[in-house]
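Everything on this sheet refers to the single structure shown next.
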Amino acid sequence: MSFVEYSEVVQEDDVVIVFLGHDAMMPVHVRSGAQTQTRYGAIRHSSDLIGRRFGSKVTCSKGGWVYVLHPTPELWTLNLPHRTQILYSTDIATITLMLDLKPGAVVCESGTGSGSLSHAILRTIAPTGHLHTVEFHTERAQKAREEFGRHRVGHLVTVRNQDVCRQGFGVEGVADAVFLDIPSPWEAIQHAKAAIKRQGGRVCSFSPCIEQVQQTCAALVASGLQELLTLEVLLRVHDVRSVTLPLPDFGPEDDQHTHTHTQPAPGNALVTVKTATPPREMAGHTGYLTFATKVRE
Ligand SMILES: C[S@@+](CC[C@H](N)C(=O)[O-])C[C@H]1O[C@@H](n2cnc3c(N)ncnc32)[C@H](O)[C@@H]1O
């Protein structure tokens with residue numbers, strides 16, 4: 001198992017995602033002899049996980065069952081231990097597209113936070129790219145390093161424990177793209193520009209407040225970056241439901257048509273149809289995404 005390569009079978013020391021039902025999953029670190037308790041009873045790692053194919057249905061000790069899934073960045077985002085606020089897959093998908101990330105790309109990121117975005121970047125830039133991620137909180141930086149190692153992506157990422165606004169990304173002239181998710185991104189724009197290749201590249205900054213966006217845009221313009229664009233992406237998930245509606249009763253037909261028409265529907269007739277219903281409540285604002293381009297020097 002690796003977060004950037006698919007394996008067929010679960011092995012000792014893998015991280016797997018145990019799927020318990022709609023909206024219920026948990027990450028499990030597989031170790032021989034260990035057990036994991038679920039609402040359906042215990043999963044015994046040696047007999048229930050090790051050697052089983054990813055995607056298998058596993059019966060727990062109380063008779064209920066779960067599915068064992070191969071980890072992906074999207075599943076990890078929904079299951080990771082939160083050390084900070086994180087980015088979710090809707091924003092991450094837009095960032096990946098708009099930063100033009102692809103295999104072989106070199107990316108700079110700050111802060112690492114809980115590594116939600118980092119895992120998605122790593123999957124996209126593998127097997128030949130590199131992520132330089134900067135986190136000034138020492139414990140968070142160390143936890144991220146440990147996680148990248150456990151997820152077998154450590155060779156694709158360098159975690160630096162420093163202040164990106166003062167010390168930058170620790171590399172210059174190498175990046176295809178830079179991403180910022182910090183409270184004062186405008187203080188890091190000069191470092192972002194310096195990190196990008198001479199041939200040019202892309203920048204993105206994520207901020208919850210419009211005042212942060214204004215200051216960031218001013219700094220981007222002052223640094224000579226171009227093609228500024230700020231956008232927000234909102235997700236609408238639809239439920240599939242069977243909806244039962246009354247058939248309209250238009251009353252008796254008038255005389256000249258009665259002989260050709262079928263009988264009107266009786267007053268209590270119902271029809272059931274499958275529909276996709278939009279959410280009553282929707283996840284609201286996460287943040288504004290501001291993009292810019294550093295053109296060739
Ligand atoms: C909201 S979190 C990032 C979440 C991350 N994008 C994810 O998806 O998991 C912001 C992180 O930036 C770090 N940070 C804030 N200012 C920083 C700075 N000047 N230099 C380095 N890291 C910084 C914080 O410690 C925090 O861990």
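Start at 1 and go down the list; that is how both ligands and their atoms are numbered.
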Heavy-atom distances under 4.0 Å decide this one: backbone, side chain, both or neither, for Val164 against ligand 1? both
Measure the distance from atom 12 (O) of ligand 1 to every protein heavy atom, then report the residue, atom name and distance (to 0.1 Å) of the closest one. Gly111 CA, 3.3 Å
For ligand 1, which atoms, with element, lie under 4.0 Å from some heavy atom of Cys165? 19 (N)
Assess the pair His155 and Phe148: is the distance between their ring centroids shorter than 6.0 Å? no
Is the His191-Phe169 ring centre distance short of 6.0 angstrom? no
May I ask whether Leu80 has any heavy atom positioned less than 4.0 angstrom from an atom of ligand 1? no
Strictly distance-based, threshold 3.5 Å: is any side-chain N or O of Gln190 a donor or acceptor partner for the main-chain N or O of Ser223? no
With heavy atoms only and a cut-off of under 4.0 Å, state how Gln162 meets ligand 1: side chain, backbone, both or neither. backbone
For Trp65 and Tyr67, take the angle between the two ring planes, folded into 0 to 90°, and tell me which bin it lands in: parallel under 30, tilted 30 to 60, perpendicular over 60. perpendicular
Determine yes or no for a side-chain-to-main-chain donor-acceptor pair under 3.5 angstrom, with Ser56 supplying the side chain and Arg52 the backbone. no
Residue Asp163 vicinity, atoms of ligand 1 by number, heavy atom under 4.0 Å: 18 (C), 19 (N), 20 (N)
Does Asp176 come within less than 4.0 Å of Arg202, counting only side-chain N to carboxylate O? no
Can you confirm, on distance only, whether ligand 1 has an N/O atom lying under 3.5 Å from any N/O atom belonging to Ile182? no
NZ/NE/NH1/NH2 to OD/OE distance under 4.0 Å, Arg150 and Asp14: no
What do you reckon, does Glu135 have a nitrogen or oxygen under 3.5 Å from a nitrogen or oxygen of ligand 1? yes
What pairs of residues pass the salt bridge (Lys or Arg N to Asp or Glu O under 4.0 Å) test when at least one of them lies in residues 79-90, not counting sequence neighbours? Arg83-Glu147
Is the closest side-chain donor-acceptor distance between Thr133 and Ser118 under 3.5 Å? no
Is any side-chain heavy atom of Asp13 closer than 4.5 Å to one of Val30? no
So is there a nitrogen or oxygen of Thr84 less than 3.5 Å from a nitrogen or oxygen in ligand 1? no
From atom 7 (C) of ligand 1, work out which of Gly168, Ala144, Gly287, Ser116 has a heavy atom at the shortest distance. Ser116
Centroid-centroid under 6.0 Å between Phe3 and His119 rings: yes
Consider every N or O of Gln85 and every N or O of ligand 1, then say whether any pair is closer than 3.5 Å. no
Quick check on contacts: which atoms of ligand 1 are under 4.0 angstrom from a heavy atom of Leu117? 7 (C), 8 (O)
If the threshold is 4.0 Å, N to carboxylate O, is there a salt bridge linking Glu74 and Arg123? yes
Per-atom contacts, ligand 1 versus Ser114 - under 4.0 Å to a heavy atom: 9 (O)
Min N/O separation Asp181 to ligand 1 under 3.5 Å: yes
Heavy-atom distances under 4.0 Å decide this one: backbone, side chain, both or neither, for Ser110 against ligand 1? side chain
Do ligand 1 and Ile86 have nitrogen or oxygen atoms that lie under 3.5 Å from each other? no
Close-contact set for ligand 1 against Gly115 heavy atoms, below 4.0 Å: 9 (O)
Where on Pro183 is there a heavy atom closer than 4.0 Å to ligand 1, on the side chain, on the backbone, on both, or on neither? side chain
Starting from atom 16 (N) of ligand 1, find the nearest protein heavy-atom neighbour and note its residue, name and distance. Phe136 CZ, 3.4 Å
